[in-house]
Novice: 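This is the structure, below, for whatever I ask next.
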Amino acid sequence: MPDLKQPNTQHNVQTALITHQLTYQLPNGDRPFPELNLTLSDGITGLVGRNGCGKTLLAQLLAGTVEPSNGHIDYCGLTPEQIGYFSQLDEFESAGDTILSIADYLGLSEKLEALAAIEQGSSDAHWFECLGDDWLIREQLNEQLLELNLPLNPEYPVSQLSGGQHTRLRLWRLFRQMDSYRLLILDEPTNHLDQQGREWLINQIRAFQGSVLLISHDFTLLNKVDRIWELDSRGITEYGGNLIFYQQEKAQQSAALQRQKADLDKSIRKQNAEHQRNLEKAQQKAAQGKRLRKSGSQSKLLLDAKKEKAGGHLKPLNRRQAIHEERLNSHKESLREKLAEEIDIQICLDGNGSGAASQSRKSIARLISYHLPRGSSQPINLQLFSTDRWYLMGSNGSGKSTLFRLLAGQLPEQTINSSEQNPSNSKVQEQSFSSRRECFLYLDQHFNLLSSRGNLIETLRNASPELTESEARTLLAGIGFRRDKVFQSTESLSGGEKMRLALLLLAQTNQTRDERPFLLLDEPDNHLDLNAKHLLAEALKSYSGGFGLISHDVAFAQACGITSEFELVDETKLIKP
């Protein structure tokens with residue numbers, strides 16, 4: 001793996017930007033983080049934090065795509081054109097029909113058209129002016145498409161690219177202009193990228209002459225940064241090292257907080273016990289006074305004086321106890337808020353946890369010499385059973401998502417039953433495809449279980465109408481949405497928050513089935529933070545049904561308890577024009 005921390009001596013940028021009291025207020029009045037005073041220095045800074053803490057919002061503020069509610073940013077002489085920003089949002093989805101092809105997206109269509117016209121004999125000055133000196137534009141483009149494992153056809157529709165190919169193309173357009181940039185802000189750039197794509201990305205970052213702010217949950221990338229910023233509701237904490245250093249520091253801090261909490265609980269118990277003893281002594285004296293009063297052995301005047309004195313002792317005792325309790329409770333609340341940042345969310349794919357005692361093993365899909373409508377050119381021979389824990393591998397564009405959609409019945413019938421073969425095959429073989437679609441539950445890369453309308457509690461109750469508001473609140477709190485956050489719109493959620501909510505809806509859907517469905521999870525770990533990723537792996541490991549998993553993180557897949565693997569291999573690796 002290339003080393004991101006290779007010394008870079010060719011640039012003079014020392015400080016990319018400085019923020020002064022920077023903050024942002026959401027429409028509901030909340031502020032994800034307090035006023036920030038930051039200095040982004042030279043080198044690679046990794047930005048980490050729990051899903052929903054505001055990392056993407058901070059990136060948007062620093063990139064200038066969102067205006068702050070308060071404060072300002074000093075860019076230290078940088079112009080907007082010198083700042084490159086990669087958003088984790090899929091701009092292809094929002095672009096509609098305005099982007100038709102790879103060449104359109106890269107802004108090369110006119111040059112390629114001019115070159116074609118000149119080659120066909122046109123002497124129109126317009127074409128020569130348009131082409132300029134880029135006579136090798138076609139060869140250079142094909143060379144880059146080959147390196148990025150993208151279709152060798154500039155007219156290939158971007159809508160048909162895989163998630164990883166989308167990411168590669170977007171990153172390529174960004175890095176094509178990196179000579180003009182002095183600051184790069186990259187928001188989860190490794191999402192959907194296979195190993196080859198990640199290595200290409202690392203090489204691009206290595207070659208960049210400037211400062212980088214990298215938002216990522218990728219272990220390999222974060223272990224190559226110069227420093228880590230952690231964002232939470234209290235602000236930014238800087239750690240002067242890579243991910244391993246950060247995790248060691250966090251473990252020590254967490255242990256210290258737990259010790260402080262244990263000491264505080266012990267102090268509270270000791271103080272309460274002492275106060276109780278003092279109360280008991282006062283009560284014993286009061287009881288003794290009552291007995292003496294009844295016996296008549298002492299004068300009433302003397303007994304009244306003792307009673308008043310005892311009462312005088314109790315008042316300052318109770319006042320001191322109240323003051324002490326207030327101080328201890330304030331300290332305890334402060335510790336509770338710090339520890340709350342580390343509270344684990346809960347992910348249970350069996351819904352309420354009462355999974356089927358036994359899951360019958362039955363065949364749910366069978367493919368014989370089957371050719372995918374796009375992607376791998378190799379015939380697929382595969383049989384899936386309901387209890388399989390199946391890991392589907394393959395490079396970007398090999399057809400992994402297409403296969404999942406076929407199994408779940410989300411492609412047209414004519415596509416599934418088509419006898420048209422991949423053009424790279426010289427032989428036409430008889431093929432068959434059968435799938436019990438009702439056995440599958442598919443969660444795609446774009447959170448297909450979520451509606452873009454409504455807030456969280458409405459989304460959950462629409463999916464599970466039998467839930468009361470209190471029950472829905474409890475379930476949402478279990479995945480990190482507490483108090484008024486349940487009224488946040490699903491559209492405003494971060495990628496990781498959307499995935500957590502989608503997984504909850506999936507779990508609720510499971511409860512309505514007699515048998516657990518076979519889950520088809522298409523890169524579910526993409527947007528999850530490190531902690532949530534671990535919890536999802538544990539949830540899949542304990543799931544009472546079967547599942548199919550697409551992920552480019554082999555360590556994550558192994559942690560999920562996979563029992564079988566299948567790799568889509570394409571002889572050509574490319575889709576030719």
Side-chain angles (χ1 to χ4, degrees), residues 51 88-90 92-93 159-168 188 190-195 197-198 217-218 347 349 364-365 367 372-376 380 382 384 388-411 415-416 435 437 439-450 493-507 509-510 516-528 532-533 536-537 539-540 543 545-562 564-568:
N51 292 139
Q88 64 169 290
L89 301 177
D90 189 349
F92 294 104
E93 292 296 317
S159 61
Q160 293 184 25
L161 295 174
S162 71
Q165 289 173 321
H166 273 185
T167 302
R168 288 177 190 232
E188 299 194 25
T190 58
N191 280 352
H192 310 295
L193 287 183
D194 58 20
Q195 190 60 37
R198 293 178 188 217
H217 303 301
D218 185 280
I347 298 177
L349 299 176
I364 55 175
L367 288 71
L372 292 173
R374 57 176 176 263
S376 174
I380 299 174
L382 173 69
L384 275 182
D388 287 344
R389 293 164 177 263
W390 177 51
Y391 182 29
L392 180 59
M393 300 178 292
S395 60
N396 292 145
S398 61
K400 299 184 299 296
S401 296
T402 298
L403 179 53
F404 268 20
R405 293 178 66 197
L406 286 166
L407 293 170
Q410 295 195 5
L411 287 180
T415 301
I416 297 174
S435 172
R437 301 174 192 173
C439 295
F440 293 98
L441 189 55
Y442 178 43
L443 179 59
D444 70 7
Q445 300 171 6
H446 307 293
F447 320 107
N448 59 310
L449 296 181
L450 301 184
L493 298 178
S494 70
E497 289 177 313
K498 285 181 179 179
M499 181 54 72
R500 294 205 313 256
L501 181 58
L503 289 168
L504 176 60
L505 296 186
L506 183 151
T509 302
N510 278 351
R516 294 292 180 251
F518 191 93
L519 306 179
L520 295 172
L521 305 174
D522 194 346
E523 301 191 43
D525 55 315
N526 257 345
H527 299 280
L528 295 179
K533 208 167 165 179
L536 175 57
L540 282 170
Y543 179 56
F547 64 83
L549 174 68
I550 297 174
S551 173
H552 293 296
D553 188 334
V554 178
F556 168 73
Q558 296 292 343
C560 293
I562 57 171
S564 60
E565 300 177 355
F566 188 89
E567 183 173 6
L568 291 177

Novice: Kindly indicate, with the supporting measurements, whether the criterion side chain to side chain contact (heavy atoms under 4.5 Å, CB included) is fulfilled by His166 and His192.
Specialist: CA-CA 9 Å; His166 273 185; His192 310 295; over 6 Å; no
Novice: Got His552 and Leu193 here, is their nearest side-chain heavy-atom distance under 4.5 Å?
Specialist: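 They are not in side-chain contact.
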Novice: How close do Pro517 and Tyr543 get, heavy atom to heavy atom, and via which atoms?
Specialist: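 So the two residues come closest at O-OH, 2.7 Å.
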Novice: Ignoring hydrogens, what is the shortest heavy-atom contact between Glu188 and Asn191? Give both atom names and the distance.
Specialist: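 It is OE1-ND2, 3.0 Å.
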Novice: Leu441 and side-chain contact (heavy atoms from CB on, under 4.5 Å): which single residue from Thr509, Leu521, Leu520 fits?
Specialist: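 So the option named by the test is Thr509.
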Novice: If only atom types and distance count, is the side chain of His217 paired as donor or acceptor with the main-chain N or O of Asn526 below 3.5 Å?
Specialist: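 A pair under 3.5 Å: no.
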Novice: Can you tell if the side chain of Leu372 reaches within under 4.5 Å of the side chain of Ser398, non-hydrogen atoms only?
Specialist: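 No, side chains not in contact.
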Novice: Find out whether Leu549 and Phe556 are in side-chain contact, i.e. whether some heavy atom of one side chain is under 4.5 Å from a heavy atom of the other.
Specialist: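 Touching, per the 4.5 Å side-chain cut-off.
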Novice: Suppose we screen for salt bridge (charged side-chain N to carboxylate O under 4.0 Å, His left out). Which residues come up paired with Arg500, at least two apart in sequence or across chains?
Specialist: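 If we apply the salt bridge (charged side-chain N to carboxylate O under 4.0 Å, His left out) test to Arg500, skipping adjacent residues, there are no hits.
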Novice: Give a yes or no answer on whether the side chain of Arg389 reaches the backbone of Leu540 with a donor-acceptor pair at less than 3.5 Å.
Specialist: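 Pair found, side chain donor or acceptor close to backbone of Leu540.
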Novice: May I have the step-by-step check of side-chain hydrogen bond (donor to acceptor under 3.5 Å, both in side chains) for Ser564 and Asp388, ending in yes or no?
Specialist: CA-CA 7 Å; Ser564 60; Asp388 287 344; 5.0 Å; no
Novice: How would you list, by chain and number, every residue that makes a salt bridge (charged side-chain N to carboxylate O under 4.0 Å, His left out) with Asp218, sequence neighbours excluded?
Specialist: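 Here the qualifying residues are Arg198.
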Novice: Under the criterion side-chain hydrogen bond (donor to acceptor under 3.5 Å, both in side chains), I'd like the reasoning laid out for Asp522 against Ser401: C-alpha separation, chi angles, the key distance, then a yes or no.
Specialist: CA-CA 7 Å; Asp522 194 346; Ser401 296; 2.5 Å; yes
Novice: Kindly indicate whether the side chain of Asn51, heavy atoms from C-beta on, has any atom under 4.5 Å from the side chain of Met499.
Specialist: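 Side-chain contact under 4.5 Å: no.
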Novice: Given 3.5 Å as the limit, does a donor-acceptor pair link the side chain of Lys400 with the main chain of Ser395, or not?
Specialist: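 Between the backbone of Ser395 and the side chain of Lys400 there is a qualifying donor-acceptor contact (under 3.5 Å).
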Novice: For the pair Trp390 and Phe518, name the ring-plane relationship: parallel under 30°, tilted 30 to 60°, perpendicular over 60°.
Specialist: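 Tilted.
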Novice: Can you give me the closest heavy-atom contact between Asp525 and Ile550, atom names plus distance?
Specialist: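 Heavy atoms only, the tightest pair is OD1-O, 4.4 Å.
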Novice: Which atom names give the shortest non-hydrogen contact between Tyr391 and Ser551, and what distance separates them?
Specialist: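 Closest pair (atom of Tyr391, atom of Ser551, distance): OH-O, 2.8 Å.
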Novice: Which heavy-atom pair separates Phe547 from Cys560 by the least distance, and what is that distance?
Specialist: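 Closest heavy-atom pair between Phe547 and Cys560: CZ-O, 3.6 Å.
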Novice: Which heavy atom of Ser162 sits nearest to which heavy atom of Gly397, and what is that distance?
Specialist: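 The answer is OG-N, 3.1 Å.
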Novice: Is any side-chain heavy atom of Pro373 closer than 4.5 Å to a side-chain heavy atom of Thr402?
Specialist: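 Touching, per the 4.5 Å side-chain cut-off.
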Novice: Show the numbers, then the answer: is there a side chain to side chain contact (heavy atoms under 4.5 Å, CB included) between Phe566 and Ile380?
Specialist: CA-CA 10 Å; Phe566 188 89; Ile380 299 174; 3.7 Å; yes
Novice: For the residue pair Leu407 and Leu384, establish whether any side-chain heavy-atom pair is separated by less than 4.5 Å.
Specialist: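 Yes, their side chains come closer than 4.5 Å.
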